[in-house]
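Working notes, beginning with the structure itself.
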Amino acid sequence: MDLHLRPVSTSDCELLFGWVNEPEVRKNSFSHQMVDLESHKIWFQKKINEGLPWYILELAGQPSGVIRFDLSENGFKINFSISASQRGKGFGKEIIRLGLSEITKNPQNSNFVFGLVKKQNIASAKCFLSNQFLQNDYDQNTYIFQKKLG
């Protein structure tokens with residue numbers, strides 16, 4: 001299986017716009033509102049300019065998912081999504097594994113990563129657990145998955 005990550009580029013804006021508004025993505029997101037194209041373009045350019053680790057998962061050259069590492073005071077917050085056509089194939093586990101491999105190449109990166117997952121999003125929870133993240137309650141509706149790198 002030829003799975004690999006490549007950095008997000010400016011040409012990925014419309015691809016990611018399509019993915020962000022998929023019904024399953026909106027359902028599992030902390031904001032259920034659909035995203036309009038203009039707001040997405042502004043957000044996308046801001047994220048590109050931040051220069052933080054952000055990758056597209058490709059399977060045989062086809063975009064299949066996205067993972068982003070947003071820097072917070074507690075380390076890198078992981079956000080990931082798998083395209084609708086590729087869900088249920090174990091790519092969530094792989095995108096996290098590959099993403100962690102990428103960010104640990106730079107020793108200046110944070111050595112702590114975490115993800116917030118709604119408790120009903122069992123698939124995402126399993127992806128973090130299979131990558132040896134520790135699971136704790138974040139609040140009544142959310143788990144926090146944490147891992148120290150290195």
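In what follows, every heavy atom counts, from backbone to side chain, and hydrogens, waters and symmetry copies are set aside.
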Query - Matching residue for F80 among F128, F91, F69, Y55 - test: ring pair (Phe, Tyr, Trp, His ring centres under 6.0 Å) - result: F128
Query raised in the report: For K119, does the NZ atom sit with more than 12 other heavy atoms under 6.0 Å from it, leaving out its own atoms?
Result: yes
Residue pair [X] / [Y], side-chain heavy-atom distance below 4.5 Å:
{"X": "I67", "Y": "I56", "value": "no"}
{"X": "R68", "Y": "V8", "value": "no"}
{"X": "W19", "Y": "S83", "value": "yes"}
{"X": "P53", "Y": "E102", "value": "no"}
{"X": "K77", "Y": "L116", "value": "yes"}

Query raised in the report: Where the side chain of D139 meets the backbone of N141, is there a donor-acceptor pair that is under 3.5 Å apart?
Result: yes
Query raised in the report: Are the side chain of K126 and the backbone of K93 linked by a donor-acceptor contact shorter than 3.5 Å?
Result: no
Report summary line: With sequence neighbours left out, the residues meeting salt bridge (charged side-chain N to carboxylate O under 4.0 Å, His left out) with R6 are D12, E58
Query - Partner residues of E14 under the salt bridge (charged side-chain N to carboxylate O under 4.0 Å, His left out) criterion, sequence neighbours left out - result: none
**Report entry** Trace of the ring pair (Phe, Tyr, Trp, His ring centres under 6.0 Å) decision for F17 with W43
**Finding:** CA-CA 10 Å; F17 175 69; W43 171 88; over 10 Å; no
Query raised in the report: Restricting to pairs with a member in residues 94-123, which pass ring-ring contact (aromatic ring centres under 6.0 Å, His included), not counting sequence neighbours?
Result: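 Sorted result for residues 94-123: empty, none.
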Requested in this report: Taking all non-hydrogen atoms of both residues into account, name the closest pair between K148 and N111 and its distance.
Outcome: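 What the structure gives for the nearest pair is NZ-ND2, 2.9 Å.
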Report summary line: In short, I95 meets L57 closest at the heavy-atom pair CD1-CB, 3.6 Å
